[in-house]
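Quick one: the structure is below, questions incoming.
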Amino acid sequence: MLQYKDIKIKDQNLDVGLKNLLNIKDPHIFFSAQAVQKEPIHHRMTNVFYGVLTYTPKACECCGLINEENLLIKHSPKASDIQLIPYQEVPSVLRLFKQRFYCKSCHHTFSARTYYIAKDCYISQALKFAIAIDLKKKLSMKDIALRYGVSFKTVERVLDTFYQGLKFNPNHLPKHLLIDEFKGTKDCEGAMCFIFSDAQTGKIIDILDDRRNFKLIAYFQRFTQQARKRVQHVVMDMNSAYGKMIPQVFPKAKILVDHFHIIQQISRAFNQQRIRSMNQLDKKSAQQMKDYRKLKKYWKQLQKKHKNLGYDHLKQFPLFRQKYVTESEVVDYLLTIDPVLKASYDVYQDLLDAFENGKAQPFFAIIDQLSPLLEEPFKKSLRHLQKYRKEITLSFTQPYSNGKLEGKNNLIKVVQRIAFGFRSFNHLRKRVLIQQGLLEIL
């Protein structure tokens, strides 16, 4: 380990090279011929760069007295180990000898300062900036901490200091909004978090830690009345609570039900009917057990639109004695197992066709005239759509969908999964907004 007397003479050539390597632009820092060493630190061989920081201060940092008539006296420099970005997976440290000063007026001492290291900190600004850059990537904060040899709390502090919150503009809201919810963190006030975005660009506007109506009303009332009146459409899932909140905060907005949730409701109703038909089969009968396994295995073929089924392409299906049959033949056989399933399938396909054609009247006409042959749970699931007849009818005429927002929800789940969960909603929110490019490094 070198002492100050070994490095106090500046080497011009090495000084320039090391400053370029470490990206140091402070003229008050210099390096000597013995500046680069290999030493064990915390049981690991480490690149140690010896440097000196010295200058003549203009005033005392403690009392503010102007340095006249040599009132500030230089004391012996004090070494500080400043952690740098690892080089080739080897830890790197800047052992900086900072000049100490003594004030004759206030009798206090203080050290020389540099932009390269924050006050009372032992991590270089370059390393903090590298951590801030990695926070933009799909990496957990623990992995980032391990990569740079810092603590998890250090990464959290970088996240809090280098990225500030979204700038709130009370005078602007887009004309078309997408709203949805997702599972948040344990410190959230509500069970679910709330997210909304611009329907045209898909850009997230904000993420809230509570989706309850009184919280949402209080949040949106922070926007001016003119901005809220500008909203023309709000796309949501079939959540009746939002239907009560939206007219209060967006007086001129029309509510649309997301296309995906309409199809999901229909598909789920038919799939549950398939399961009921399976469970009604006699498990003591060998033939009915074969049909049970076929209904269980080839459920995807039943869920397909009939026009997307293969009618001419032959392939082997394991449960059909390895025969070469088409998908349509498989579906035809499955529908012969239970007449109720066949009737439900016909309704399911008719609803898909009406939805694809964008015709709300035939769509609801099918639901209004369900056959008595159908089971009550299936009819109840479909009749649930009648509760949102106005919103669904309007959604047939508009191109807006929650698809873009569902993609953001998937991103949130990915970020949560990579991080193995978040303790703080604020950190989860910041990571998502950083991923979307909505927060920039200060």
**Request:** First locate atom OG1 of Thr397, then atom NZ of Lys254, and finally report the distance between them rounded to the nearest 0.5 Å.
**Result:**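 Separation between the atoms: 8.0 Å.
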**Asked** What pairs with His306 under ring-ring contact (aromatic ring centres under 6.0 Å, His included), at least two apart in sequence or on another chain?
**Response** none
**Request:** Mind jotting down which residue pairs meet the ring-ring contact (aromatic ring centres under 6.0 Å, His included) criterion with at least one end in residues 394-423? Sequence neighbours excluded, please.
**Result:**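 Pairs touching residues 394-423 that pass the test: His176-Tyr400, His233-Tyr400, Phe355-Phe396, Phe363-Phe396.
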**Request:** Return yes when atom CD of Gln361 has more than 12 non-hydrogen atoms of other residues, nucleotides or ligands closer than 6.0 Å, and no otherwise.
**Result:**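 No - once you tally the heavy atoms of other residues, nucleotides and ligands closer than 6.0 Å, there are 12 at most.
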**Prompt:** Residues two or more places apart in sequence or in another chain: which of them pass ring-ring contact (aromatic ring centres under 6.0 Å, His included) with Phe162?
**Reply:** none
**Prompt:** Between Leu439 and Leu166, is a side-chain contact (heavy atoms from CB on, under 4.5 Å) present by the stated rule, with each step listed?
**Reply:** CA-CA 7 Å; Leu439 297 182; Leu166 277 175; 4.1 Å; yes
**Prompt:** Under the salt bridge (charged side-chain N to carboxylate O under 4.0 Å, His left out) test, which residues partner Asp368, sequence neighbours left out?
**Reply:** Arg389
**Pairwise ring-ring contact (aromatic ring centres under 6.0 Å, His included) hits with a residue in residues 262-288, at least two apart** = Phe270-Tyr345, Phe270-Tyr348
**Prompt:** Any idea which heavy atoms bring Leu309 and Gln301 closest together, and the distance?
**Reply:** CD2-O, 3.6 Å
**Message:** I'd like to check the salt bridge (charged side-chain N to carboxylate O under 4.0 Å, His left out) partners of Asp206; sequence neighbours left out, ordered by chain and number.
**Reply:** Arg429
**Message:** What verdict does the side-chain hydrogen bond (donor to acceptor under 3.5 Å, both in side chains) test give for Asn271 and Arg274, after you've listed the backbone C-alpha separation in whole Å, the side-chain angles of each residue and the deciding distance to 0.1 Å?
**Reply:** CA-CA 5 Å; Asn271 193 46; Arg274 176 188 64 86; 2.9 Å; yes
**Asked** Could you give the distance from OH (Tyr163) to CZ (Arg431), rounded to the nearest 0.5 Å?
**Response**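 Answer rounded to 0.5 Å: 9.0 Å.
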For residues 130-137, which side-chain donor-acceptor pairs fall under 3.5 Å, sequence neighbours excluded?
{"from": "Asp134", "atom 1": "OD1", "to": "Lys137", "atom 2": "NZ", "distance (Å)": "3.1"}
{"from": "Asp134", "atom 1": "OD2", "to": "Arg147", "atom 2": "NH1", "distance (Å)": "2.8"}
{"from": "Asp134", "atom 1": "OD2", "to": "Tyr148", "atom 2": "OH", "distance (Å)": "3.0"}

**Prompt:** Can you list every pair that meets side chain to side chain donor-acceptor pair (under 3.5 Å) and has a residue in residues 164-175, with sequence neighbours left out?
**Reply:** none
**Request:** For the pair Glu156 and Arg423, evaluate salt bridge (charged side-chain N to carboxylate O under 4.0 Å, His left out) and give the outcome as yes or no after the intermediate values.
**Result:** CA-CA 11 Å; Glu156 284 189 335; Arg423 292 181 183 178; over 6 Å; no
**Asked** CG/Asn426 to CG/Asp187 distance, rounded to the nearest 0.5 angstrom?
**Response**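 Going from the CG atom of Asn426 to the CG atom of Asp187 covers 8.5 Å.
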**Request:** Specify the closest pair of heavy atoms between Ser92 and Phe49, including all atoms of both residues, with the distance to one decimal.
**Result:**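 Shortest heavy-atom separation between Ser92 and Phe49 comes out as CB-CE1, 4.2 Å.
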**Asked** Considering residues at least two apart in sequence or located in another chain, which fulfil the ring-ring contact (aromatic ring centres under 6.0 Å, His included) criterion with Tyr50?
**Response**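 ring-ring contact (aromatic ring centres under 6.0 Å, His included) check on Tyr50 returns nothing, list empty.
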**Request:** Please report the closest heavy-atom contact between Val93 and Ile41, naming both atoms and the distance.
**Result:**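 Answer, listing the atom of Val93 first, then Ile41: CG2-CD1, 4.2 Å.
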**Request:** Measure the NZ-CD distance between Lys128 and Gln83 for me, rounded to the nearest 0.5 Å.
**Result:**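 Going from the NZ atom of Lys128 to the CD atom of Gln83 covers 11.0 Å.
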**Message:** When you measure from the side chain of Glu391 to the backbone of Val235, do you find a donor-acceptor pair of N or O atoms at a distance under 3.5 Å?
**Reply:** no
**Message:** According to salt bridge (charged side-chain N to carboxylate O under 4.0 Å, His left out), who are the partners of Glu61, at least two apart in sequence or on a separate chain?
**Reply:**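 Counting only residues at least two positions away or on another chain, Glu61 forms a salt bridge (charged side-chain N to carboxylate O under 4.0 Å, His left out) with Arg113.
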**Asked** Given the rule in the side-chain contact (heavy atoms from CB on, under 4.5 Å) test, do Asn239 and Arg211 qualify, once you have shown the distances and angles that lead to the verdict?
**Response** CA-CA 11 Å; Asn239 188 329; Arg211 68 167 182 177; 3.8 Å; yes
**CG-CG distance between Asp346 and Leu374, expressed to the nearest 0.5 angstrom** = 9.5 Å
**Prompt:** Counting distance only, does the side-chain N/O of Asn213 pair as donor-acceptor with the main-chain N or O of Ala241 below 3.5 Å?
**Reply:** yes
**Request:** Scan residues 372-382 for pairs that pass side chain to side chain donor-acceptor pair (under 3.5 Å), counting only residues two or more places apart or in two chains.
**Result:** Arg276-Glu375, Gln280-Glu375
**Request:** Just do the side-chain hydrogen bond (donor to acceptor under 3.5 Å, both in side chains) check on Asp291 and Tyr333 with the steps written out, would you?
**Result:** CA-CA 9 Å; Asp291 293 340; Tyr333 177 81; 2.7 Å; yes
**Prompt:** Below 6.0 angstrom between ring centroids: does that apply to Phe196 and Tyr242?
**Reply:** no
**Asked** Does one side chain, of Thr154 or Arg157, offer a donor that lies under 3.5 Å from an acceptor on the other?
**Response**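 A pair is found: one side chain offers a donor N or O, the other an acceptor, under 3.5 Å apart.
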**Item:** Separation between CD1 of Ile263 and CG of Leu352, rounded to the nearest 0.5 Å
**Value:** 5.5 Å
**Request:** Is it possible for you to check whether Lys19 lies under 6.0 Å from the centre of the six-membered ring of Phe31, through NZ or CZ, and within 45° of that ring's axis?
**Result:**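 No, Lys19 does not lie over the aromatic ring of Phe31.
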**Asked** Got a sec, which residues hit ring-ring contact (aromatic ring centres under 6.0 Å, His included) with Phe182, two or more places apart in sequence or on another chain?
**Response**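 None.
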**Asked** Any chance the side chains of Asn402 and His259 put a donor and an acceptor closer than 3.5 Å?
**Response**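 No, no side-chain donor-acceptor pair sits under 3.5 Å.
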